[in-house]
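Let me begin by presenting the structure, written as C-alpha cells, before commenting on it.
Atom set for the values below is all heavy atoms of this structure, side chains included, hydrogens, waters and symmetry mates excluded. Below, chains carry the letters A, B, ... as their sequence lines are ordered, and counting in each starts from 1. These figures come from a predicted structure and were not determined experimentally.
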Amino acid sequence: MKIYNTLTGKKENFQPREAGKVSIYVCGPTTYNYIHMGNARPLVFFDTVRRYFKFKGYKVYYVQNFTDVDDKIINRSLKENVKAEDVAERFINEYYRDADDLNVKRADVHPKVSEHINEIIEMIQKLVEKDYAYTVNGNVYFNVSKFNDYGKLSGRCLEDMQAGSRVEVDYKKSNPLDFALWKASKESEPYWDSPWGRGRPGWHIECSAMSIKYLGTSFDVHGGGCDLIFPHHENEIAQSEAATGELFSRYWMHNGFIMVNKEKMSKSLGNFFLVREVLEKFPPDLVRFYLLSTHYRSPLDFDDEKLESSRRGLERIRNSIRLLEEALHQDNEECASSCMTGRLDDIKKSFESAMDDDFNTALAVGTLFDLAHEVNTCVQNRSYCIEDLQKAKELFSTFNNVLGIFKKDVHGDIVTEQAGSEKNDVAEKLMDLILDIRQNARKNKDFATADKIRDTLKEIGITVEDTPNGPRWKI
RNA sequence: GGCGACUUAGCCAAGUGGCUAAGGCAGAGGACUGCAAAUCCUCGAUUCCCCGGUUCGAAUCCGGGAGUCGCCUCCA
C-alpha cells in the first residue's frame, strides 16, 4: 500500500509500526455546532481508510477525539445561558446522529478533552521540566525556537513566518509563534486546577496527550483536514516529540477542502451546509458516494447540480444490484458458460490496486461501474451461472464494506432501496394490487389506463418497469 | 510578503515518461418495449491552460507565463 505522507511530500510504502496492526488518530470536531459538509469529508474518508485497512487484514485501532473544551463552546454556553459541558454533550450526540446517517462507524475510542485533563497537565509539566515551555501569569507557552524540527510538517521555517506573520502579537509570549499549552481561565469560564493555577488546556495539547495515551508515543497514521497542517499538527509534532523524544505519527494524511463556488467552505465565510440540511435534500448513500468520487486530496466542489448528476450514476449501480438479485431469485434454467469468468477477478484486482494507491476511491468507484456493467451484460444475455452471480454479489458486498455507500439489511445484503424510502408490507401489497390491475389493462390493450397508472405512480415517486417476467417497481 | 496546490471532452473525474488519455453524467444513433423505463451496442478530447526545453518518446519531468484556489489567524 502506498500513502501520501504530508511529512515527506511523497507517496510512501506503508509500513506499520507493528506487523499486522495499524493505529490511527483523526482530529475530530469541536462540539459547539452541528457538523457541516467540510467536517463530513474527513469523517467519511478516514472511515473508509479504516475500513480498507481492515479489508487488508490489519487489526485497526482507530481514535477520534472530541474537542469539548474550547472558546467557541464557552461562547455558545454564555449566549444560551447553559453550562459549557451541556453544550458540548448536546453536540456530541448530534454528531453521532449525522455520523450514523453517513454510515461512519464509531471509533474504537472517542476521547474527550474534559476527561483527560490529568494527562494533559502531566504532559505540560514534562515540557516545562525539559525547558520546552515557560510560564507567564498562569499561562504556559511552548517555546518553538527550542524545537529544532519546528516547521517540518508544513514546510516552513521560523524566519519566514515571522516576517510575514499577521498574528496579533501577544506581549506575554516571547516569540509570536509560541503557542499556549495552558491558558489561565477568565471569570465565568470553566477551569481546572493545575500547578499554574486555574485554567484550561490550549487547543493543540489535547490531541498529543490523548493520542499518546491511546496509541502510544509513536503511532502509524494521523489524519485531518489540510487546514490543520499549520499550526495544529505542526504544534502537535513539536510538543509530542519534545516531550517523548520519539517520532510522533509516522504518516500524516490530509484531505482537501469542500468548496462552494470555488471558495473553501468554512464557518468563518459562512458558506457552509450542515450535514443534516444536505441530508434533507439528498439521501446519505448519495452524499457518501459523492464524497468518495473524488480523490481525497483534491478539493471537491459542493453544489446541488453535481449531487444531482451523481445521483444518476449511483442509481445505475443500484439498478445493477437489483438486477443481480432478481436473476439470483429466478432459477436460471441451464448454467450457461459464463462471460464473467475471469473478469470478476480482474475487477477485484483493479479495486484493490486503486485503493492501494493512496486510497484512490475515485478509481475504486470506477471499478464499481465496471462490475455493474459486467453484471448487466451477463444478466441481459442470460449468459451466466449462479456461481458467477453469487461471486458478483459478494464482490459488490466486499467493495461496499470498504466504501460504505449502501446500508445493509439484517441478512447482510445491500439495501437497494434509496435510503429513507424502504419498502414495507403495506406498500408491497398495495403495489401488488395496483400492478395486477395494470397488467390486466395491458393484456386487454387498454394502454391508456396502464399508462395512466404508471404516470401517476411516477408522480408520487414510484417507478414501474415492465420486464418479460412481469413488472418491477422501485421508489 | 513567505509557502503550497490545482488547470484533462458540455459537466464531474482518473491517469504523473511509452499499447487506442479510465469511469460517470449529459447528448446523438441503434437494439429491446404496445409506448416507456431499465439494460445492451455504437459515437466524443489528433490531445491534456499557454510558450519554451530535456528525451527516441511527455498530459506526465524542467524553466517561464496566464488563471484559479489554499495555508501563514479559529477552521475539517
Side-chain angles (χ1 to χ4, degrees), chain A residues 6 9 11 26-30 32 35-46 70-72 151 154-157 159-168 176-177 203 223-232 234 254-259 262-269 272 289-290 293-295 297-301 303 305-317 319-320 322-323 350 354 357 360-370 372-373 375-381 442-443 445-448 450-451 454-455 458 463-468 471-474:
Chain A
T6 307
K11 274 187 204 172
V26 177
C27 285
T30 302
Y32 71 104
I35 58 167
H36 61 79
M37 286 310 298
N39 299 304
R41 167 116 101 147
L43 206 63
V44 166
F45 172 66
F46 288 108
D70 176 88
D71 285 346
K72 285 171 297 236
S154 52
R156 38 193 108 199
C157 58
E159 297 73 51
D160 290 347
M161 281 189 283
Q162 282 162 14
S165 178
R166 285 184 291 166
V167 189
E168 205 175 311
L177 286 163
W203 173 35
C226 63
D227 46 358
L228 295 182
I229 294 172
F230 191 89
H232 185 54
E234 193 68 70
H254 295 96
N255 63 274
F257 298 126
I258 296 282
M259 313 293 280
K262 314 267 180 207
E263 268 187 328
K264 175 187 173 185
M265 178 185 288
S266 78
K267 289 173 184 168
S268 40
L269 287 170
F272 59 89
F289 173 76
Y290 183 72
S293 296
T294 298
H295 186 88
R297 284 190 279 116
S298 304
L300 173 58
D301 250 321
D303 69 60
E305 237 172 88
K306 304 219 168 92
L307 262 293
E308 211 50 65
S309 71
S310 272
R311 173 176 252 155
R312 301 295 304 276
L314 184 60
E315 191 58 20
R316 184 177 165 74
I317 291 163
N319 280 336
S320 179
R322 285 192 185 112
L323 229 47
S350 305
D357 186 11
N360 194 334
T361 56
L363 244 191
V365 163
T367 65
L368 217 49
F369 283 102
D370 292 341
H373 186 254
V375 167
N376 292 343
T377 304
C378 292
V379 170
Q380 162 145 319
N381 298 341
R442 293 183 71 211
K443 211 176 283 173
K445 304 246 187 268
D446 179 7
F447 296 120
D451 289 350
R454 189 174 62 194
D455 293 345
K458 183 83 196 168
T463 307
V464 176
E465 296 170 1
D466 295 314
T467 79
R472 65 163 155 252
W473 62 280
K474 61 188 180 189

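- Contact annotation for A/Phe230: backbone-only contact, meaning every heavy-atom pair under 4.0 Å involves sugar-phosphate atoms and none involves a base.
- In this model, a side-chain donor or acceptor of A/Asp451 finds a partner on the base of B/G34 within 3.5 Å.
- OP1 or OP2 of B/A38 has not a single side-chain nitrogen or oxygen of A/Asn376 nearer than 4.0 Å.
- Listed pair A/Asn319 / B/A38 fails the phosphate criterion, with no side-chain N or O lying under 4.0 Å from OP1 or OP2.
- Comparing B/C35 with B/C25, their C1' atoms are spaced 26 Å from each other, to the whole Å.
- Nucleotides B/A37 and B/A26 are separated by 12 Å at their P atoms, to the nearest Å.
- A/His295 is linked by a ring pair (Phe, Tyr, Trp, His ring centres under 6.0 Å) to nothing, counting only residues two or more places apart in sequence or in another chain.
- Between the side chains of A/Asn319 and A/Arg322, a donor-acceptor pair is found at a separation under 3.5 Å.
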Using the rule given for salt bridge (Lys or Arg N to Asp or Glu O under 4.0 Å), can you reason through A/Arg312 versus A/Glu315, listing the C-alpha separation, both sets of side-chain angles and the distance that settles it, and then say yes or no?
CA-CA 5 Å; A/Arg312 301 295 304 276; A/Glu315 191 58 20; over 6 Å; no

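- Within 3.5 Å, a donor on the side chain of A/Arg454 pairs with an acceptor on the base of B/A36, or the reverse.
- Among B/G34, B/C69, B/A37, the nucleotide with an atom closest to any side-chain atom of A/Lys262 is B/C69.
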Give each protein N/O atom lying under 3.5 Å from an N/O atom of nucleotides 74-76 of chain B, with the pair distance.
{"residue": "B/C74", "atom": "O2'", "partner": "A/Lys72", "partner atom": "NZ", "Å": "2.1"}
{"residue": "B/C75", "atom": "OP1", "partner": "A/Trp203", "partner atom": "NE1", "Å": "3.2"}
{"residue": "B/C75", "atom": "O2", "partner": "A/Lys264", "partner atom": "NZ", "Å": "3.4"}
{"residue": "B/C75", "atom": "N3", "partner": "A/Lys264", "partner atom": "NZ", "Å": "3.0"}
{"residue": "B/A76", "atom": "OP1", "partner": "A/Asn39", "partner atom": "OD1", "Å": "3.2"}
{"residue": "B/A76", "atom": "OP1", "partner": "A/Lys267", "partner atom": "NZ", "Å": "2.8"}
{"residue": "B/A76", "atom": "O5'", "partner": "A/Asn39", "partner atom": "OD1", "Å": "3.0"}
{"residue": "B/A76", "atom": "O4'", "partner": "A/Asn39", "partner atom": "OD1", "Å": "3.3"}
{"residue": "B/A76", "atom": "O2'", "partner": "A/Gly225", "partner atom": "N", "Å": "2.2"}
{"residue": "B/A76", "atom": "N9", "partner": "A/Gly38", "partner atom": "O", "Å": "3.2"}
{"residue": "B/A76", "atom": "N6", "partner": "A/Met265", "partner atom": "O", "Å": "2.4"}
{"residue": "B/A76", "atom": "N1", "partner": "A/Ile258", "partner atom": "N", "Å": "2.9"}
{"residue": "B/A76", "atom": "N3", "partner": "A/Gly38", "partner atom": "O", "Å": "2.7"}

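- For the pair A/Lys306 NZ and B/A13 C1', the interatomic distance rounds to 11 Å; values are reported in whole Å.
- Across B/G44 and B/U54, the matching P atoms stand 35 Å from one another, rounded to whole Å.
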Using Watson-Crick and G-U wobble pairs whose two distances are both under 3.5 Å, how do you write the pairing of RNA chain B as dot-bracket, with | for links to another strand?
((((((((.[[[..)..(....]]].(((((.......))))).....[[[[[..)....]]]]])))))))....

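- The side chain to side chain donor-acceptor pair (under 3.5 Å) search around A/Gln380 returns none, not counting sequence neighbours.
- Listed for the A/Asn360 side chain is a donor-acceptor partner under 3.5 Å among the backbone atoms of A/Leu363.
- The ring pair (Phe, Tyr, Trp, His ring centres under 6.0 Å) check on A/Phe257 picks up nothing, with sequence neighbours excluded.
- In this structure A/Trp473 satisfies the ring pair (Phe, Tyr, Trp, His ring centres under 6.0 Å) test with no other residue, sequence neighbours excluded.
- Taking the side chain of A/Asp357 as heavy atoms from C-beta on, and the options B/G70, B/U16, B/A14, the nearest nucleotide is B/U16.
- For the C1' atoms, the distance linking B/U46 with B/C61 amounts to 23 Å, nearest Å.
- Scanning for salt bridge (Lys or Arg N to Asp or Glu O under 4.0 Å) contacts around A/Lys443 gives an empty result, with sequence neighbours left out.
- Residues passing the ring pair (Phe, Tyr, Trp, His ring centres under 6.0 Å) test with A/Tyr290: none are found, sequence neighbours excluded.
- At a threshold of 4.5 Å between non-hydrogen side-chain atoms, the residues A/Leu300 and A/Met37 do not count as touching.
- Comparing the same atom, C1', in B/A13 and in B/G23 gives a spacing of 8 Å after rounding to whole Å.
- Of the P atoms belonging to B/G27 and B/G10, the separation is 16 Å, rounded to the nearest Å.
- The side chain of A/His295 lies closest to B/A14, out of B/U39, B/A14, B/C35.
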In B/S/- notation (B base, S sugar-phosphate only, - none; protein heavy atoms under 4.0 Å), nucleotides 21-28 of chain B written 5' to 3' is -BSSSS--

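- Heavy atoms only, all atoms of each residue included: A/Val464 and A/Pro471 are closest at CG1-CB, 4.3 Å.
- Both A/Lys11 and A/Pro299 lie close to RNA chain B; mapped to their nearest nucleotides by heavy-atom distance, the more 5′-ward contact belongs to A/Pro299.
- Residue whose closest nucleotide on RNA chain B sits further toward the 5' end, between A/Ser298 and A/Gln380: A/Ser298.
- A search for side chain to side chain donor-acceptor pair (under 3.5 Å) contacts involving A/Thr463 returns A/Lys458, not counting sequence neighbours.
- Atom P of nucleotide B/C6 and atom CG of A/Asp301 are separated by 16 Å, given to the nearest angstrom.
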Polar atoms only, N or O, under 3.5 Å: list the protein pairs with nucleotides 58-60 of chain B and their distances.
none

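- B/A59 and B/C19 are spaced 10 Å apart, taking the P atom of each and rounding to whole Å.
- Comparing the P positions of B/U20 and B/U47 gives an interatomic distance of 16 Å, to the nearest angstrom.
- Using cut-offs of 30° and 60° on the angle between ring planes, the pair A/Phe369 and A/Phe289 is perpendicular.
- Of the candidates B/A36, B/C40, B/U39, the closest approach to any side-chain atom of A/Thr377 belongs to B/C40.
- In this structure A/Arg454 satisfies the salt bridge (Lys or Arg N to Asp or Glu O under 4.0 Å) test together with A/Asp451, A/Asp466, sequence neighbours excluded.
- Atom P of nucleotide B/G34 and atom CZ of A/Phe447 are separated by 7 Å, given to the nearest angstrom.
- Between A/Phe272 and A/Asn39 the shortest side-chain heavy-atom distance does not fall below 4.5 Å.
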